[in-house]
Amino acid sequence: LYYANAADGNSGTAYGGSALRPGDIKFKDLNGDGIIDAKDNPLNYALAPIKSVDRTQAKPGENIVYTISANNTRQDPATLTNAAISDTLPANTEFVSLSATCTAGTPVYKFNGGTWQASALPAPILNSAVTRIEVGCDTNGSGSITAADTLAPGANITVTLTVLVK
């Protein structure tokens with residue numbers, strides 16, 4: 001897990017001091033006070049992502065399939081808001097496909113920091129230009145992820161990302 005706010009002094013540093021990794025969950029300073037705390041994202045490290053890969057080695061021209069699953073393990077207050085999974089594509093790979101499931105709501109997708117969209121295809125950008133994906137569960141029907149989107153206790157987001165090794 002990492003913070004995405006330079007004002008908080010944690011930009012680029014993972015929680016606990018380790019390096020950032022694909023699949024890390026990003027927190028944002030939503031209320032603009034320069035501090036990342038429960039007022040911004042009441043996740044409190046309760047959205048525990050697990051990332052797996054279908055192979056340990058791949059040659060150019062082969063696909064690698066990543067699965068990222070995150071469950072709401074929070075107890076009090078139990079409901080999470082603004083929950084999304086972010087992942088950076090590994091070096092020397094190209095986006096092939098993306099799918100997601102949510103225990104509640106509809107998956108919405110964001111590519112390279114663009115706008116939320118219902119399609120898991122990165123249009124209007126080319127697959128070769130995708131470097132980062134974000135997936136959330138739209139529970140209020142707005143078509144984006146906001147504080148009104150909630151992830152109940154025990155709820156899950158699962159993302160399957162396929163990349164091609166260059």
Notebook entry, point to check: Could you walk me through whether Val163 and Asn63 pass the side chain to side chain contact (heavy atoms under 4.5 Å, CB included) check?
Noted result: CA-CA 6 Å; Val163 297; Asn63 285 343; over 6 Å; no

- In sequence, state the C-alpha distance, the side-chain angles, and the governing distance for Lys51 and Tyr66, and then conclude on side chain to side chain contact (heavy atoms under 4.5 Å, CB included). CA-CA 7 Å; Lys51 187 173 185 179; Tyr66 293 94; 3.4 Å; yes

Open item on the list: Asp87 vs Ile68, test: side chain to side chain contact (heavy atoms under 4.5 Å, CB included). Steps then yes/no.
Closed with: CA-CA 9 Å; Asp87 198 13; Ile68 306 167; 3.4 Å; yes

Quiz item: Between Leu164 and Thr93, does a side chain to side chain contact (heavy atoms under 4.5 Å, CB included) hold up when you go through it step by step?
Solution: CA-CA 5 Å; Leu164 174 71; Thr93 65; over 6 Å; no

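Scored by the side-chain hydrogen bond (donor to acceptor under 3.5 Å, both in side chains) test, Thr106 finds no partners at all (sequence neighbours excluded).
No side-chain donor-acceptor contact under 3.5 Å links Asn92 to the backbone of Val165. Side chain of Asn112 to main chain of Thr131: a donor-acceptor pair is present (N/O by atom type, distance under 3.5 Å, no hydrogens or angles). The backbone N or O of Val65 lies less than 3.5 Å from no partner atom in the side chain of Arg55, so there is not a single donor-acceptor pair. Of the possible polar contacts, one joining the Asn82 side chain to the Ala147 backbone as a donor-acceptor pair under 3.5 Å is found. Thr150 contributes no side-chain N or O that, together with a main-chain N or O of Ala152, makes up a donor-acceptor pair within less than 3.5 Å. At distances below 3.5 Å, not a single donor-acceptor pair connects side-chain atoms of Asp138 with backbone N or O atoms of Pro107.
You'll find the side chain of Leu161 reaches within 4.5 Å of the side chain of Leu89, heavy atoms only.
Closest approach of Ser86 and Glu134 over heavy atoms only: OG-CG, 3.3 Å. Nearest heavy-atom pair across Ala148 and Asn140 is CB-ND2, 3.2 Å. Across all their heavy atoms, Cys137 and Ala104 have their closest contact at CB-O, 3.5 Å.
Here Ser144 contributes atom OG and Lys110 contributes atom NZ; the two are 8.5 Å apart, rounded to the nearest 0.5 Å. Summarising the geometry, atom CD1 belonging to Ile157 is positioned 5.5 Å from atom SG belonging to Cys102; distances are rounded to the nearest 0.5 Å. Asp149 contributes atom CG, which lies 5.0 Å from atom OG of Ser142 (distance to the nearest 0.5 angstrom).
Residues Asn156 and Thr103 bring no donor and acceptor atom of their side chains to less than 3.5 Å of each other.
Linking Ile, Leu, Val, Met, Phe, Trp and Tyr whenever their side-chain heavy atoms come within less than 4.5 Å puts Ile133 and Val53 in one cluster.
Trp116 forms part of a hydrophobic cluster together with Val108, Ile145, judged by ILVMFWY side-chain heavy-atom separations under 4.5 Å.
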What donor-acceptor contacts under 3.5 angstrom involve side-chain atoms of residues 94-101, with partners at least two apart or in another chain?
residue, atom, partner, partner atom, Å
Ser97, OG, Thr162, OG1, 3.4

